[in-house]
Number of protein chains: 2
Amino acid sequence: MPARSAEPAVIWSRPERAGRGPRPAYSRSDIAAVGVRVADADGLDAVTMRRVAAELGCGTMSLYNYVPRKEDLHELMADAVMGEYDTSQPPSGDWRADLLAMAYQARQLMHRHTWLPRMMSPVYGFSPNGLRFIEYTLSCLDGLDARYGAKLELIAMVNGMVTTYVSNELAAAERTRSLPWSEEREHEVRAAYLARQVAGGAYPRMAAAMAEDAGPIDLDGAFDRALRRVLDAFNDPTDSADSTDPAGSTDPAGSTDPADSTAPTDSTGGSLGVSSGGGSGT
Amino acid sequence: MPARSAEPAVIWSRPERAGRGPRPAYSRSDIAAVGVRVADADGLDAVTMRRVAAELGCGTMSLYNYVPRKEDLHELMADAVMGEYDTSQPPSGDWRADLLAMAYQARQLMHRHTWLPRMMSPVYGFSPNGLRFIEYTLSCLDGLDARYGAKLELIAMVNGMVTTYVSNELAAAERTRSLPWSEEREHEVRAAYLARQVAGGAYPRMAAAMAEDAGPIDLDGAFDRALRRVLDAFNDPTDSADSTDPAGSTDPAGSTDPADSTAPTDSTGGSLGVSSGGGSGT
DNA sequence: CCTAGTTACGTACGTCGTACGTAGTGCGGT
DNA sequence: ACCGCACTACGTACGACGTACGTAACTAGG
């Protein structure tokens, strides 16, 4: 990836329409819609500047007038699908129920747009529809006695769990299709490997797990219970140290890392939100 | 990405050393170590076949003798860092405490290798160290009366929560450094945008959140409590519908999606595990 | 010892994001 | 009115990337 020139701003901070030149031929939502359509149809990797520009009906480089970086295209897409959240119903007064309902909405959203979990990443800036989502979710939490920072963290955690859960679901679903070498062959090879490893006797429990008849685990139920528990955990601050205690309870060790347990400061930013990019490091 | 030729197998199913030709100059762990080193130093995106081959001391295409696809390189890397799990201590007998300890180990692991969360994805096949990790964690759960499928799901859920949590942590940490345009400028622009949005009055709660003095939220504590709750949730199957009930309780709606609430079958595969790739779609 | 299968690796193709230059366009200020 | 400039449009091109392919060297099993 070549060096970036300038222009720090998140895309939302630049106006969609500049005053001076000829009027833009396309709107942001046009572009976002194309991106979403391509991603839905052929996967996130198919969303290239060239492809989107072509489907939009313009030259590749013209797209850069609207979207300075590909990352911004992703942000547009994420914002677009977050517009699908239904925030019309007023909060019921039961914040647990409302948050759970939002979680299920998120799950459906990710089912409709399976590329969404891949770009779920906490990001500093919030998109318009992201703000709308957060504001609504916060309104669901009005009955919860906590600081907004904590509420945002709760929302982030719930969103993260949904992402985790849906990722598992989707991975299981994807596995059954879209193998170039037929599902059986793939399964066969992997199962053979696993069986060989397990046959050594080093992994008796894994062996038992494989042998287990695997009646349909109530995945939905498990997810539901876990979610409710997390929600409850933010309500009453009872038992922290239940009875027993692990090696280190609240924050064991943590020495050799950079940026270890430091600084949960600045609670408003970086809590949740959908966006892309995801810093590589350095 | 060009078309793939053949060879379905996961990398672990091919022997490291073939009998016939000259002896390979490097081992898998050599390669994995280089990949990890590069990723730790310069981010996951810096892990290219060329770079790794160069640092390894061989031509680019020679690397393909060891690693048929870049994805497999990632798998090698993931396996390598999963080898850092300490599974030497026998389970204490308190599975909650043990699982919590493993969660903290995972957190530290992701702090040491910040690229790890990005390739955390449930995958069908398990790497050697992944198997070791799962086997050990399952042994921690010996005292839990549940099917192995459920236990694997629990492990997956905990891992997912850790990933979510650490991703949040890292995003907050990364935000403060590694901006090409100086931190202040970035913050300034984003804050300006956010303030402008919020100033409209459409997002009163977000405004309040921003105005909040943001004393240090007990992020660690919140995570710890949430984790413990989830763990407890898998123990006693009491309250599903606590008192109130959201719009849809166990599985609301779910209509327009492909692969909606179907099929949690096959519990042994696709539960957890570290790997890369992550299907794009289609 | 032979030969078949491996390792080593340079070259090359197709793709990507995107910097840059040029030409055309229409609004804002005078 | 008009003029200038900021904007749009977009072709070309560069430097990555993953990796297919062909060739030369090598070594273990027959």
Side-chain angles (χ1 to χ4, degrees), chain A residues 1-7 11 14-28 30-31 35 38-39 42-77 119 180 276-278 280 282, chain B residues 1-7 11 14-28 30-31 35 38-39 42-77 180 276-278 280:
Chain A
M1 215 177 282
R4 208 83 68 218
S5 62
E7 190 144 22
I11 188 162
R14 46 154 55 188
E16 181 161 3
R17 171 87 169 93
R20 247 344 191 283
R23 55 170 50 246
Y26 315 101
S27 73
R28 266 177 196 167
D30 288 339
I31 297 169
V38 170
D42 297 327
L44 190 57
D45 293 339
V47 179
T48 66
M49 297 301 275
R50 288 166 160 86
R51 169 89 180 266
V52 169
E55 299 223 357
L56 201 59
C58 70
T60 303
M61 293 315 289
S62 304
L63 191 52
Y64 279 91
N65 287 326
Y66 302 89
V67 166
R69 307 191 302 295
K70 183 189 162 77
E71 179 183 303
D72 293 319
L73 211 190
H74 285 171
E75 211 142 350
L76 249 45
M77 291 167 57
M119 63 165 97
S276 64
S280 60
T282 297
Chain B
M1 219 176 277
R4 207 82 67 219
S5 63
E7 190 142 19
I11 188 160
R14 47 155 53 188
E16 180 161 4
R17 171 89 168 94
R20 240 354 184 278
R23 55 171 48 244
Y26 315 101
S27 72
R28 265 177 196 165
D30 289 338
I31 297 169
V38 171
D42 296 328
L44 189 58
D45 293 339
V47 179
T48 66
M49 298 300 275
R50 289 172 220 271
R51 170 86 179 268
V52 170
E55 299 223 357
L56 200 60
C58 71
T60 303
M61 294 315 290
S62 305
L63 191 51
Y64 280 91
N65 287 326
Y66 301 88
V67 165
R69 309 191 300 294
K70 182 189 163 76
E71 180 183 303
D72 294 318
L73 210 191
H74 285 169
E75 213 141 348
L76 249 45
M77 291 167 58
S276 63
S280 60

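So that the names make sense, note that chain A is the first sequence line, chain B the second, and so on, each numbered from 1. Predicted model only: the values in this text are computed from it and were never measured. Side-chain atoms are counted along with the backbone in the values below, which use heavy atoms only and exclude waters and symmetry mates.
Remark: P of C:dG17 and CG of B:Asp45 are 13 Å apart, rounded to the nearest angstrom.
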Side chain to side chain contact (heavy atoms under 4.5 Å, CB included) for B:Ile11 and B:Glu71? Distances and angles first, verdict last. CA-CA 9 Å; B:Ile11 188 160; B:Glu71 180 183 303; over 6 Å; no
side-chain hydrogen bond (donor to acceptor under 3.5 Å, both in side chains), that's the test. Do B:Ser27 and B:Asp30 meet it? Break it down for me. CA-CA 5 Å; B:Ser27 72; B:Asp30 289 338; 3.2 Å; yes
Stepwise side chain to side chain contact (heavy atoms under 4.5 Å, CB included) check, B:Arg51 with B:Asp42: CA-CA 11 Å; B:Arg51 170 86 179 268; B:Asp42 296 328; 2.7 Å; yes
Carefully, step by step, assess A:Glu75 and A:Val67 under the rule side chain to side chain contact (heavy atoms under 4.5 Å, CB included). CA-CA 10 Å; A:Glu75 211 142 350; A:Val67 166; over 6 Å; no
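Of the candidate nucleotides D:dT19, C:dG17, C:dT7, D:dT19 has the atom nearest to the side chain of B:Lys70.
Looking at A:Tyr26, its side chain does come within 3.5 Å of a backbone N or O of A:Gly57 through a donor-acceptor pair. Distance alone, capped at 3.5 Å, is enough to place a donor-acceptor pair between the A:Tyr66 side chain and the A:Ala25 backbone.
Residue B:Ala53 is classed as having no contact, given no heavy-atom separation below 4.0 Å to the nucleic acid.
Annotation: the terminal axes of the helix from C:dC1-D:dG30 to C:dT30-D:dA1 meet at 10°, where each axis is the rotation carrying the C1' atoms of four end pairs onto the next four (5 pairs per end, rounded to 10°).
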Determine, for nucleotides 24-30 of chain C in 5'-to-3' order, which nucleotides have protein heavy atoms under 4.0 Å from the base (write B), from only the sugar-phosphate (write S), or from neither (write -). -BSS---
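Between the side chain of B:Arg50 and the base of D:dG18 there is at least one donor-acceptor pair of N/O atoms closer than 3.5 Å.
Within residues 54-67 of chain B, the residues that have a heavy atom under 4.0 Å from DNA chain C are, in order of number, B:Cys58, B:Gly59, B:Met61, B:Ser62, B:Asn65, B:Tyr66.
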